[in-house]
2 protein chains.
Amino acid sequence: MSSNSGSAGGAAGRIGIGLELDATHLKILEVLRENGRVSVSALAERVGISRANAYTRFEALRADGVIRRFTAEIDHQRAGLGIVALIFVTVRQQMWRQFRAQLAQMPEVEYCAITTGQHDAMIQVRMADVAEVHAMVTERLANIPAVKATETVFILDEVLRRPYVLPSDRERERGRGTSRRPGSAPSPEPEQGQGQGQGQGLPLGKMRFVGAAEGRAALRDES
Amino acid sequence: MSSNSGSAGGAAGRIGIGLELDATHLKILEVLRENGRVSVSALAERVGISRANAYTRFEALRADGVIRRFTAEIDHQRAGLGIVALIFVTVRQQMWRQFRAQLAQMPEVEYCAITTGQHDAMIQVRMADVAEVHAMVTERLANIPAVKATETVFILDEVLRRPYVLPSDRERERGRGTSRRPGSAPSPEPEQGQGQGQGQGLPLGKMRFVGAAEGRAALRDES
DNA sequence: GTTGAAATTAGTACGAA
DNA sequence: TTCGTACTAATTTCAAC
């Protein structure tokens, strides 16, 4: 549960893939992500394979870590934690390890990610009321030496939350101009492929990418 | 799955609570959130109640919507979607309905929340590579008339993701200065309770709250 | 990778405390 | 309400194909 102290499998994790996922694997994941409690028999039927095969693949996915765990999605409103807030944190350099250790001690933190851009990390918290958010930020977060500054915004409505996106979701949207299969060539268009190193002011003049702040390249070496 | 078009039970949702959750309910949720596939028998044993009682409560939690669904947590890295990005969107007023409709059509969007602060919404997407994020923002998002502007940051590492916070988590952290039970009086201290209407410059001078932009009060009336 | 049959376990119903 | 038990139905395992 709260033993997620280390990396939670983020974008900068390892690349070594142990299990090559075929279409059947993805189908299994698709079903499991919608209904994590289906019996393997029902799963086999839904996917269109035999039960023994389903058991084998299910176990393989679990053992290989593709399926990390099964969990219940809870209505926080009814569970008593209806207030959601995002806290953007600026972390003092060379204090990442301490920052992470402190976070692990805060059970009210649902999600924390290290980001590029203006801030260094984003924290999502669930609270019973707004005052609790305030108290959390001012009394708990602010007392962490690693925290240089914070910026808090409240979530007014969670429009959608998907059980975790899969590559196979992409296949379902066709003929819409931008159909990209995962694993294929990144950019057919010549003007792309420069990744996040691009500046501001892009096509249509509507969006801008925010790159990482300086001196953050050695980020992973500390944790 | 992607039928989450409406509100996903956000902070501004309804308050009517149908089921009063006692300590046993929370214990059940605790177990279920860590292992969504436990049998009800094992659940009963872990919680310390009879099987029949466990079945009754389990069904009640499910029927009442406290448990929304069961899902598999997937390692995106190994599933082929290792790149995570946050896209902060400024939405044209009076176009929220269209914005939401468009989002429902984008399977690569894992999470979307309407926020206070500088931007109007935050979108989290999972992609196979960085170029795909770029393509998504420039070719898909930018083409939505409701989208006025976007700002993209990449997630370098997901430090922690908890299966969904529970009020009972709070009980476990004791004697740390700020122990608040959900449902109790929001603020014992007199200087609190003003909520999100506060300005900038707070205790320790380290953090600031970012309130909602003007003219966003009628947000929920449109959707 | 598939089918079928045995053993185990889960789910249900009902009476008693 | 909650518990305990007996009954029914399903799932998992393991075998051979």
Side-chain angles (χ1 to χ4, degrees), chain A residues 1 17-75 78-80 163 166-168 171 183, chain B residues 1 16-74 78-80 163 166-168 171 181-183:
Chain A
M1 157 188 49
I17 293 169
L19 189 70
E20 200 63 41
L21 302 183
D22 57 20
T24 308
H25 283 122
L26 290 180
K27 238 176 182 176
I28 291 174
L29 293 177
E30 235 174 275
V31 175
L32 247 31
R33 139 187 98 145
E34 286 171 56
N35 183 4
R37 273 182 87 86
V38 281
S39 66
V40 185
S41 318
L43 177 69
E45 203 175 1
R46 276 225 222 163
V47 174
I49 55 177
S50 68
R51 278 154 301 159
N53 191 1
Y55 275 104
T56 308
R57 286 167 177 271
F58 180 86
E59 218 6 73
L61 286 171
R62 229 187 194 299
D64 205 68
V66 181
I67 298 175
R68 214 184 258 127
R69 98 229 282 188
F70 292 93
T71 188
E73 215 180 285
I74 287 157
D75 189 326
R78 300 200 202 175
L166 284 177
S168 50
E171 249 86 284
Chain B
M1 155 186 51
I17 293 170
L19 189 71
E20 201 64 41
L21 301 183
D22 57 22
T24 308
H25 283 122
L26 289 179
K27 236 178 183 175
I28 291 174
L29 292 178
E30 235 173 276
V31 175
L32 248 30
R33 143 186 94 148
E34 286 170 57
N35 183 5
R37 272 182 86 87
V38 281
S39 66
V40 184
S41 316
L43 177 69
E45 203 175 1
R46 277 224 221 163
V47 174
I49 55 177
S50 70
R51 286 205 313 156
N53 193 2
Y55 274 106
T56 308
R57 285 169 176 271
F58 181 86
E59 219 3 76
L61 286 170
R62 228 187 194 298
D64 205 68
V66 180
I67 298 174
R68 219 186 254 125
R69 98 229 282 186
F70 293 92
T71 187
E73 215 179 284
I74 286 158
R78 301 200 201 176
L166 283 178
S168 50
E171 250 86 284
R181 281 164 313 291

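Note on naming: letters A, B, ... go to the chains in the order of the sequence lines (proteins, then strands), and numbering restarts at 1 for each one. Any value given below was found using the heavy atoms of this structure, including those in side chains, with hydrogens, waters and symmetry copies removed. Quick caveat: nothing in here was measured; it's all calculated off a predicted structure.
Listed candidates were C:dG1, D:dT2, C:dT12. Nearest to the side chain of B:Ser50 is D:dT2. For B:Ser41, counting side-chain heavy atoms from C-beta on, the closest listed nucleotide (C:dG1, C:dA10, D:dT12) is C:dA10. For B:Arg51, whose side chain is taken as the heavy atoms from C-beta onward, the closest listed nucleotide among D:dC3, C:dG11, D:dT12 is C:dG11. Counting only heavy atoms from C-beta on, B:Ser39 has its side chain closest to C:dA10 among C:dG1, C:dA10, D:dG4. Of the candidates C:dG11, D:dT11, C:dT2, C:dT2 carries the atom nearest the A:Ile49 side chain, counting heavy atoms from C-beta on.
A donor atom on one side chain and an acceptor atom on the other are found under 3.5 Å apart for A:Glu30 and A:Ser168.
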Pair A:Tyr55-A:Ser41, side chain to side chain contact (heavy atoms under 4.5 Å, CB included): steps then yes or no: CA-CA 8 Å; A:Tyr55 275 104; A:Ser41 318; 4.2 Å; yes
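Counting to the nearest Å, the P atom of D:dT11 and the CD atom of A:Glu45 are 9 Å from each other. One atom, CG of B:Asn53, and another, P of C:dA13, lie 16 Å apart when rounded to the nearest Å. Rounded to a whole Å, the CD atom of A:Glu59 is 8 Å from the P atom of D:dT13. One atom, CG of B:Leu43, and another, P of C:dT9, lie 18 Å apart when rounded to the nearest Å.
When the side-chain nitrogen and oxygen atoms of B:Arg57 are compared with OP1 and OP2 of D:dT1, none of them lie within a distance under 4.0 Å. Dashed line: the shortest gap from a side-chain N or O of B:Tyr55 to OP1 or OP2 of C:dT12 is not under 4.0 Å.
Both B:Ala42 and B:Ala52 lie near DNA chain C, and the one whose nearest nucleotide falls closer to the 5' end is B:Ala42.
Ion pairing between A:Asp22 and A:Lys27 fails under the 4.0 Å rule for side-chain N and carboxylate O.
In this structure, the side chain of B:Arg37 engages the main chain of A:Gly36 through a donor-acceptor pair within 3.5 Å.
A:Arg37 comes within contact range of no nucleotide atom at all, as no heavy-atom separation falls under 4.0 Å.
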